[in-house]
There are 2 protein chains.
Amino acid sequence: MGEKVTIATVARHAQVSRQTVSNVLNTPHIVREDTRRRVREAIVALGYRANQAARQMRTGRSRLIAVRIEPTRDGINGSVLDRFLHGLTETADAAGYRVLLYTAVGDDQEIATYDDLLGAYDLDAFVLTGTKHGDPRTAWLAEREVPFVTFGRPWDTPEAHPWVDVDGATGTAQATRHLLAAGHRRIAFLGWPAGSGVGDDRRAGWRTTMAEVGLDGAAPDRATEDGIAEGEREARALLALDAPPTAVVCASDSLALGAWQAARDTGTDLAVVGFDDTPVAAAVGLSSVSQPLGEAAARCVELLTGVLDGQPRDPQLLLHPALVLRHSA
Amino acid sequence: MGEKVTIATVARHAQVSRQTVSNVLNTPHIVREDTRRRVREAIVALGYRANQAARQMRTGRSRLIAVRIEPTRDGINGSVLDRFLHGLTETADAAGYRVLLYTAVGDDQEIATYDDLLGAYDLDAFVLTGTKHGDPRTAWLAEREVPFVTFGRPWDTPEAHPWVDVDGATGTAQATRHLLAAGHRRIAFLGWPAGSGVGDDRRAGWRTTMAEVGLDGAAPDRATEDGIAEGEREARALLALDAPPTAVVCASDSLALGAWQAARDTGTDLAVVGFDDTPVAAAVGLSSVSQPLGEAAARCVELLTGVLDGQPRDPQLLLHPALVLRHSA
DNA sequence: TCGCCTACCTTGAACGATCCAATGCCGATG
DNA sequence: CATCGGCATTGGATCGTTCAAGGTAGGCGA
């Protein structure tokens with residue numbers, strides 16, 4: 001159990017002053033070649049590691065990024081966020097940042113938590129997920145000039161702040177085109193009630209694709225809350241129509257799984273495509289639209305480090321999902 | 001955008017010294033009633049929040065707990081860790097701690113990360129998940145007297161360090177007894193190769209329960225790597241026996257789902273019970289043994305705060321799982 | 001009146017890093 | 001030879017908090 005190794009220990013060991021060691025760490029180019037090497041060797045030899053707390057107190061930066069972890073209300077869709085979180089942690093690690101978790105129920109409490117984290121831990125930035133219309137969180141952060149990125153577009157003012165998102169419309173369009181190519185003509189959509197940015201986006205991809213081939217007349221569109229039971233109920237209603245659809249594009253894997261079960265139970269041949277490519281979809285063989293979550297996370301970190309280092313780049317990024325085919329379509 | 005509010009600001013506002021403010025925060029009982037009240041009012045009025053970095057520099061404690069986030073190799077079983085993580089974040093929040101994430105591939109890299117986190121961030125404690133025989137991580141931490149708790153027993157030396165675990169044997173025993181009560185006699189076990197602590201534990205519950213009723217002779221026991229395909233293959237092998245089992249207890253939901261699909265595809269009536277009560281099990285209606293992950297997380301935090309505050313309590317805790325019945329058994 | 005104790009509060013120093021201003025060193029130049 | 005400029009290096013101050021030691025007033029007993 002060695003003594004505490006500080007910048008002074010390194011300085012003594014390398015026969016230089018503390019400031020020179022600090023320069024080697026922060027502005028290496030102003031230190032002479034051989035001095036730099038000597039200091040670096042001392043750092044390695046002593047196993048020195050800069051104390052974040054001390055650095056933070058002077059610089060006001062903590063190299064910490066906060067992300068909210070959801071209450072996992074829905075076991076199926078929760079996995080999407082978890083995969084994103086993992087990607088985020090990995091990329092942040094590589095960029096020298098660490099990820100701090102927090103929970104909050106409701107926007108007010110979340111904003112209170114921002115205040116808390118900023119005051120107590122000097123957080124460098126936030127990553128928000130699941131943006132919605134008129135999001136009070138982004139307004140609060142923007143007002144205080146706190147760096148942040150959202151995974152999800154701001155649905156009201158497109159250029160308000162840096163964001164990364166996946167183009168849901170492209171995903172459902174891809175799914176719809178695949179079904180059309182397979183010979184389907186009556187292709188339904190099963191999604192969420194209008195008003196949510198994400199849901200409307202996914203619906204739009206299906207709708208425009210159907211319109212392009214002049215089939216939007218014969219295309220039933222159902223809206224319900226998310227859930228397996230809800231999906232099953234709506235699918236049964238669809239199958240009971242006079243001219244029932246032969247395929248259905250869904251806004252989530254929960255709805256898709258419900259629809260898939262409804263079809264199986266009633267012995268109907270119904271092609272189903274879900275959204276998010278969750279483990280459940282993979283497990284039961286459901287085709288689904290897959291978001292590039294790892295890349296989205298990496299882009300978020302890139303954007304943040306850009307902002308933090310004062311070199312903000314193109315701050316809006318729309319990624320493309322991919323259709324994963326299994327035996328449900 | 002007000003000025004930075006420090007302990008000195010509060011002190012001026014309340015007409016006392018910095019130290020008195022500090023005392024109000026840390027050792028309130030030594031401050032006179034009305035002084036205490038005056039300081040508290042100033043704190044609220046100014047919106048003061050203690051700066052963690054400064055506090056940490058003095059005390060050496062960061063109020064930060066580190067947890068590793070897994071690479072989610074398996075989408076099904078990954079959800080167990082995620083639920084645990086959520087519970088941990090919530091409980092830690094309530095206890096005044098924050099959760100820091102990290103990733104690492106392999107034990108060596110994980111230990112290097114410990115070193116890094118301890119040196120740079122002065123982490124207070126670690127929560128480890130997924131213990132195994134001869135775990136080098138716990139040895140490293142114990143040697144340096146770093147506080148930590150594991151979620152999962154140390155399989156070699158039971159009393160080496162604080163841990164919380166769920167009694168897998170009780171879970172599979174419960175499942176087995178349920179199947180016996182439902183009239184099954186030929187009850188198989190489908191698990192992992194011997195040698196993993198968790199897997200052996202789950203197998204033991206089934207084996208002893210079958211032995212208790214003298215049925216261990218007619219009880220096939222299969223071992224394979226985890227996975228849906230593997231579960232399906234082994235289940236088919238079981239069903240091809242001369243006296244095929246009428247029920248199977250599985251070590252995971254992945255294996256159970258495979259077995260369940262094998263039975264459905266071959267038109268066989270096979271009762272299946274999985275383990276972990278993952279979203280997939282819930283989605284497809286698979287009965288499963290459910291771990292009290294929220295409570296496990298809460299106990300981990302309790303143990304840690306106990307150790308950190310110098311009041312260690314009974315440091316080993318074995319929780320009981322519950323059988324969740326759906327229509328697969 | 002004095003001394004001592006207790007209860008409460010204040011002052012100075014320290015944690016480990018960075019920033020700022022000042023110093024020493026070197027060769028080049030007038 | 002004296003002066004200058006450029007650059008590496010040095011010492012001191014600083015961030016916000018807690019720790020250790022020091023002060024002050026009032027109460028009590030002799």
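Proteins get letters first, then strands, A, B, ... in listed order; numbering begins at 1 in each.
No salt bridge links B:R144 with B:D115; every basic N to acidic carboxylate O contact stays at or beyond 4.0 Å. Using a 4.0 Å cut-off between charged side-chain N and carboxylate O, B:E33 and B:R37 make no salt bridge.
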Audit row: B:R38, B:E41, salt bridge (charged side-chain N to carboxylate O under 4.0 Å, His left out) steps and yes/no:
CA-CA 5 Å; B:R38 211 167 65 243; B:E41 282 168 6; over 6 Å; no
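Side-chain N/O atoms of A:N26 include one lying less than 4.0 angstrom from OP1 or OP2 on C:dT18. One finds a side-chain N or O of A:T20 lying less than 4.0 angstrom from the OP1 or OP2 phosphate oxygen of D:dT10. Between A:T35 and D:dT9 there is a side-chain polar atom (N or O) within less than 4.0 angstrom of OP1 or OP2. Residue B:Y48 places at least one side-chain N or O under 4.0 Å from the OP1 or OP2 atom of D:dT17. Applying the 4.0 Å criterion to OP1 and OP2 of C:dA17, one finds that A:S22 has every side-chain N and O outside that range.
Atoms CZ (A:R18) and P (D:dT14) sit 14 Å apart, rounded to a whole Å. When rounded to the nearest whole Å, the span between CD of A:E33 and C1' of D:dC7 equals 16 Å. Per the geometry, CG belonging to A:D122 stands 9 Å off P belonging to D:dG16, to the nearest Å. Atom CZ in B:R55 sits roughly 19 Å away from atom P in C:dC15 (whole-Å rounding). Distance A:H29 NE2 to D:dA8 C1': 13 Å, rounded to the nearest Å. The nearest whole Å value for the distance from the NZ atom in A:K4 to the C1' atom in C:dA14 is 11 Å. Rounded to whole angstrom, the span from the CD1 atom of B:I7 across to the C1' atom of D:dC15 amounts to 14 Å. The distance between atom CD1 of A:I30 and atom P of D:dT10, rounded to the nearest whole Å, is 12 Å.
In this pair, B:H161 and B:F148 present their aromatic rings tilted. The plane angle is within the 30 to 60° band.
Checking C:dG16, C:dT10, D:dT9 against the side-chain heavy atoms of A:R32 singles out D:dT9 as nearest. The side chain of A:N51 approaches C:dA17 more closely than any other nucleotide in the set D:dT17, C:dA17, D:dT9.
A ring pair (Phe, Tyr, Trp, His ring centres under 6.0 Å) with A:F126 is found for one member of A:W140, A:Y121, A:Y114, A:F151 and no other, namely A:Y114.
Judged by atom type and distance alone, B:Q19 reaches the base of D:dC19 through a side-chain donor-acceptor pair under 3.5 Å.
B:A50 comes within 4.0 angstrom of sugar-phosphate atoms only, judged by non-hydrogen atoms across all strands, and of no base. Contact annotation for B:T6: backbone-only contact, meaning every heavy-atom pair under 4.0 Å involves sugar-phosphate atoms and none involves a base.
Across the interface with DNA chain C, nearest-nucleotide mapping of A:T59 and B:N23 shows B:N23 to be the residue nearer the 5′ end. Comparing B:R58 and B:V16 along DNA chain C, the residue whose closest nucleotide (by nearest heavy atom) sits nearer the 5' end is B:V16.
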